[in-house]
Amino acid sequence: MQSMPKDYKFAEIEQKWQSKWEEMKLYHYDWNDIVREPFSIDTPPPYPSGELHMGNVLNWTYFDIVARFKRMQGYNVLFPQGWDCHGLGIEIQVEKANNIRKRDMPTDQFRNMCMVLVEKYIAMMKEGLLKLGSSIDWTTEYRTMDPNYWRCTQLSFIQLYQKGYMYQGTHPVNWCPRDETAIADAEVDHVKKDGNLHYIKFPLVNSDECFLIATSRPEFIPACVAVKVNPNDERYGKYVGRKILVPLVNREVPVIADETVDMNFGTGAVQICTYGDKDDVKTVIKHKLPIIQLISENGKITKAGGKYADLYLNQARVAVVTDLTEAGLLEKTEKIQHEVGVCERCKTTVEILERKQWFMKTMELSEVVEKNAVEISWYPDYMKNRLIDWAKSLDWDWVISRQRLFATPIPVWYCKSCGEIIVAKLEWVPIDPKLEAPRIDGCPKCGCSDFSGEQDVMDTWMDSSITCAVHAGWPDRSDWKRLFPASIHPSGTDIIRTWAYYLMVRHLALFGERPFNSVLINGMVLGDGGRKMSKSLKNYVAAPEALAKNGADAIRQWAAGGGATGSDIPYRIQDVEYGKRFLNKFWNAFVFANQLLEDYVPKAALSVELQLLDKWILSKTENLTKKVTESFEKCQFNIAVEDIRNFTWHIVCDYYLEAIKDRLYRPEIHGNESRLAAQYTLYRVLYRLLQLFAPVAPHLTEEIYQYMYLDSNGYKSIHVSEWPKYDSSIVSAEIEKQGDLIIAVLGEIRNDKAQNKLSLNTPIKNVLVYAGDVETAAVITKGASDIASTLKIENLKIVPDKITQGIQVPSTEVYIQTEY
RNA sequence: GGACCGUUAGUCUAGUUGGCUAGGACGUCGCCUUCACACGGCGAAGAUCACCGGUUCAAAUCCGGUACGGUCCACCA
């Protein structure tokens with residue numbers, strides 16, 4: 001045991017251990033160990049977006065506590081780290097930063113520019129994760145933009161294609177008619193625009209009656225494929241199933257029932273056109289309606305528009321309204337304000353076009369997704385509904401193709417002569433079909449040797465939804481199933497329906513097995529005022545600054561203890577400061593103990609008799625161990641943190657440490673055996689606290705461990721020490737009750753001193769304790785010397801008499817009289 | 001509009017199978033320089049656990065409804 005410095009300097013100590021742990025390779029997963037049971041964490045690779053943010057801090061604190069706890073429990077823990085690099089965000093930033101357009105330059109050149117930016121962001125985030133003290137195995141680090149990861153993603157695409165899960169079809173996409181390109185939802189801005197709501201008569205077939213339909217886009221009438229009404233609507237319910245005649249083009253379309261129709265808006269009857277808006281998309285897919293491609297890629301009406309062909313949409317609108325008016329079908333026109341989607345870059349109104357897309361058959365897996373979601377453990381449990389509800393609510397299969405550049409290419413070519421689809425062979429990947437031809441002599445169907453590579457790329461979720469298999473070592477390690485399914489998949493409330501869902505369907509389709517056995521959910525980090533933290537709301541807290549200012553161990557306490565797992569938690573500086581103060585208290589308790597234990601030689605068993613309060617604190621410590629272990633098992637970090645802190649601060653420090661001071665300082669009065677018993681107990685209890693707190697505050701606990709416990713314990717780090725097992729033989733309800741009584745008596749006399757405005761060091765001449773009965777008197781007598789020495793009582797007398805005067809110890813028959 | 005979650009002292013928050021005299025933190029007030037720690041100790045005030053109804057011997061906890069707030073999704077023909 002070495003003596004400890006008085007002050008805890010978190011900045012230098014945290015830094016020191018972060019580098020030492022790396023040197024020690026302390027957190028490396030042992031791929032060759034086939035004895036220890038593995039525990040794998042499916043660390044979600046974050047999107048490198050710049051500096052680490054408080055949301056990342058919350059997540060990685062959760063992951064790290066789990067990793068450290070499981071490691072101490074003896075598991076061979078795999079805590080991998082990857083980076084989910086591809087995405088629109090990076091593309092847009094690169095375009096802005098360099099003032100370029102991605103489609104104006106070679107794709108690989110643009111991709112390289114993206115990679116440079118991603119690397120910069122990764123370095124920033126990695127720095128943050130290291131500063132947080134995450135026990136990541138950095139030898140596992142990967143990037144989804146690396147060729148080897150492309151290989152995994154493409155390999156899984158090919159295998160899914162072979163299994164029949166991947167298919168080509170058409171699907172509506174957002175389309176900018178000016179740029180003539182598909183754009184993502186995220187690239188669409190919504191603006192309020194003034195428009196007209198036209199009330200148009202649609203005659204019912206074989207009837208004199210007319211439906212009045214309100215629409216803001218009459219130019220889409222030629223693409224009308226149905227009219228939908230709410231079946232509960234008294235006006236129209238009876239017409240469901242009948243035919244209606246579309247004006248101007250005189251085509252018959254069905255009247256369909258759809259509960260989503262708002263009976264109070266417009267006329268309650270809606271024309272469904274392909275495609276006037278996103279609602280049309282949903283309705284068409286839901287009711288399996290035909291598609292009329294009315295708009296071409298440059299925003300002109302196609303020949304499907306009949307006499308309106310070749311007009312631009314706004315020209316067509318004028319023409320259609322004129323024609324309707326002449327035909328007497330336009331009842332009235334109202335001014336309205338409505339929201340329209342516009343292209344983020346050029347502000348052109350976005351249209352919806354039907355385009356060729358790649359799909360994964362996910363709908364047919366919904367039932368098995370639900371079954372697995374029910375079978376696995378969720379922390380907290382109610383979060384499973386989010387996945388189940390999502391799987392049930394899906395209207396169409398997963399569109400996995402994107403019209404972007406910085407992404408994993410779809411390894412497919414098309415024969416220029418016959419259109420045959422050539423999917424890459426397993427051994428060809430990684431490959432970019434935009435840059436390389438298929439490695440075959442000719443088209444297997446027509447023999448032609450001219451191919452065009454697929455221009456579309458994969459959705460970013462195609463990269464990140466195979467992590468469970470990749471982390472486990474698939475496809476290269478033959479023993480990858482040892483680590484699959486992952487023990488735990490961490491997810492945020494906001495990404496359950498994407499990340500957790502796609503992982504589920506993807507692995508189920510690929511391997512017929514679920515990817516993880518449990519899900520740990522984190523909430524969102526809120527800023528001041530309980531709103532989502534964001535720079536625009538000015539409640540943003542930069543994680544690197546917070547870490548530098550307060551230290552990782554304090555920030556981690558906020559993250560772990562700031563709220564229940566799964567609930568949103570605000571970043572509160574008071575919580576962090578409380579964490580800091582606790583670290584100080586914790587450190588000081590050990591500094592103090594370190595002095596008192598200077599001459600103590602650690603022993604496994606003790607030959608001398610323990611005193612009542614020794615047994616009392618040991619029993620309570622054992623109960624704490626049980627409770628904290630259970631809390632960690634259930635990922636209830638906040639409960640564990642609170643229990644550890646309250647017990648340490650308010651039971652061990654405030655009472656036990658105070659009570660044994662005299663035994664330790666003055667063996668000539670209390671005897672050497674009593675001193676030894678206190679030392680033994682103190683050493684044991686503090687070590688237990690150190691271990692329980694280690695997953696939460698890894699730096700502080702490690703530093704103390706190295707001073708006080710390294711020599712006698714043998715583990716090179718507290719983080720690989722064996723997690724304590726609950727020992728019921730040490731627990732005694734009777735002893736705890738007796739000890740609690742001593743503490744209560746102590747507290748009352750201490751209170752009495754305070755009320756007399758005396759310092760706690762002021763000696764008391766006489767204290768008379770009326771115990772109420774013989775048994776209670778015997779118990780208090782056992783703690784008499786602790787009471788007397790703690791409170792500096794010169795003459796303490798305990799009698800079994802029952803009285804009703806003096807200070808009553810609450811909920812007992814014990815009365816106390818003091819004389820100063 | 002839909003789904004899910006929440007509503008506990010001035011503020012934030014815990015309370016997981018109903019037994020609570022509702023726990024903790026910040027803040028406020030009073031006292032104590034006490035030999036680890038004033039980043040400390042002792043103590044006080046402060047909550048009809050959103051509202052209404054139900055189940056029960058017993059409800060902050062379970063059920064139904066209302067109001068308000070949050071998150072995600074959708075968003076008007």
Side-chain angles (χ1 to χ4, degrees), chain A residues 4 6-8 190 195 197-198 213-217 220 227-228 260-262 264-273 276-280 282-283 336 338-339 341 379-386 388-390 392-393 492-498 523-524 526 528 530-532 558 561-570 572-575 577-596 630-631 634 636 638-639 641-643 645-646 649-650 653-654 657-658 661-662 665 747 750-762 790 792 810-811:
Chain A
M4 293 165 65
K6 208 167 171 316
D7 294 324
Y8 179 67
H190 294 275
L197 190 61
H198 304 275
I213 281 164
T215 178
S216 62
R217 305 205 71 181
F220 272 91
V227 168
K228 72 172 177 179
T260 60
V261 178
D262 181 354
N264 300 317
F265 188 90
T267 62
V270 189
Q271 65 162 353
I272 303 303
C273 308
D277 62 25
K278 280 187 118 180
D279 183 59
D280 287 342
K282 288 186 87 166
T283 311
I336 53 159
H338 59 157
E339 222 170 66
Y379 309 107
D381 188 61
Y382 63 81
M383 286 293 178
K384 71 167 63 143
N385 293 327
R386 298 221 179 185
I388 294 168
D389 290 351
W390 179 245
K392 279 181 170 169
S393 73
T493 48
D494 54 336
I495 52 172
I496 292 173
R497 55 184 68 213
T498 46
M524 302 293 105
L526 308 175
D528 236 11
R531 303 210 136 252
K532 198 171 174 174
W558 157 76
T565 303
S567 66
D568 295 345
I569 70 167
R572 268 175 313 228
I573 194 65
Q574 298 97 310
D575 282 8
E577 273 161 8
Y578 182 69
K580 259 166 110 172
R581 284 199 290 130
F582 180 71
L583 294 175
N584 188 59
K585 184 78 184 176
F586 201 81
W587 177 260
N588 277 307
F590 280 87
V591 167
F592 180 47
N594 186 256
Q595 292 161 14
L596 299 173
E630 285 170 359
S631 299
K634 290 186 273 183
Q636 295 169 333
N638 58 320
I639 294 174
V641 168
E642 187 176 325
D643 285 343
R645 284 161 158 183
N646 287 343
W649 202 322
H650 303 298
C653 290
D654 291 349
L657 226 43
E658 292 299 327
K661 272 183 184 172
D662 214 55
Y665 280 131
R750 188 146 68 176
N751 198 1
D752 184 67
K753 265 192 181 176
Q755 300 215 325
N756 284 300
K757 303 197 176 186
L758 297 167
S759 86
L760 288 171
N761 248 359
T762 312
T790 306
K792 312 279 181 253
S811 53

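Worth knowing before you read on, the calculation uses all heavy atoms, side chains too, and leaves out hydrogens, waters and symmetry mates. Convention: sequence-line order gives letters A, B, ...; per-chain numbering from 1.
Nearest nucleotide to the side chain of A:Thr215, out of B:A77, B:G15, B:G23: B:A77. In this structure, the nucleotide among B:C42, B:A14, B:A25 sitting nearest to the side chain of A:Tyr578 is B:A25.
Side-chain atoms of A:Lys585 and A:Cys653, non-hydrogen and from C-beta on, do get closer than 4.5 Å to each other.
Here A:Asn594 pairs with A:Met1, A:Ser3, A:Met4, A:Met708 under the side-chain contact (heavy atoms from CB on, under 4.5 Å) rule; sequence neighbours left out. Scanning for salt bridge (Lys or Arg N to Asp or Glu O under 4.0 Å) contacts around A:Asp280 gives an empty result, with sequence neighbours left out. For A:Arg386, there are no salt bridge (Lys or Arg N to Asp or Glu O under 4.0 Å) partners, not counting sequence neighbours.
Rounded to an integer number of Å, the gap from CG of A:Asp280 to C1' of B:C76 is 11 Å.
Take the nearest nucleotide of RNA chain B for A:Gly563 and for A:Leu758: the residue whose nucleotide is more 5' is A:Gly563.
Checked against the 6.0 Å centroid threshold, A:Phe582 and A:Tyr578 do not count as a close aromatic pair.
Listed by first residue number, the stems of RNA chain B with at least three Watson-Crick or G-U pairs below 3.5 Å are B:1-7 with B:67-73, B:10-13 with B:23-26, B:28-32 with B:40-44, B:50-54 with B:62-66.
Remark: the separation of the P atoms in B:G70 and B:C31 is 43 Å, to the nearest Å. When the P atom is used for both B:G24 and B:A38, the distance is 23 Å, rounded to whole Å. Using P as the reference atom, B:C35 and B:G41 are 14 Å apart when rounded to the nearest Å.
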Listed pairs, N/O of protein and of nucleotides 2-5 of chain B, under 3.5 Å:
residue : atom : partner  : partner atom : Å
B:A3    : O2'  : A:Asp389 : OD2          : 3.1

- For each nucleotide in nucleotides 33-41 of chain B, reading 5' to 3', give B when a protein heavy atom comes within less than 4.0 Å of its base, S when such contact involves only the sugar-phosphate, and - otherwise. -BBBB-BSS
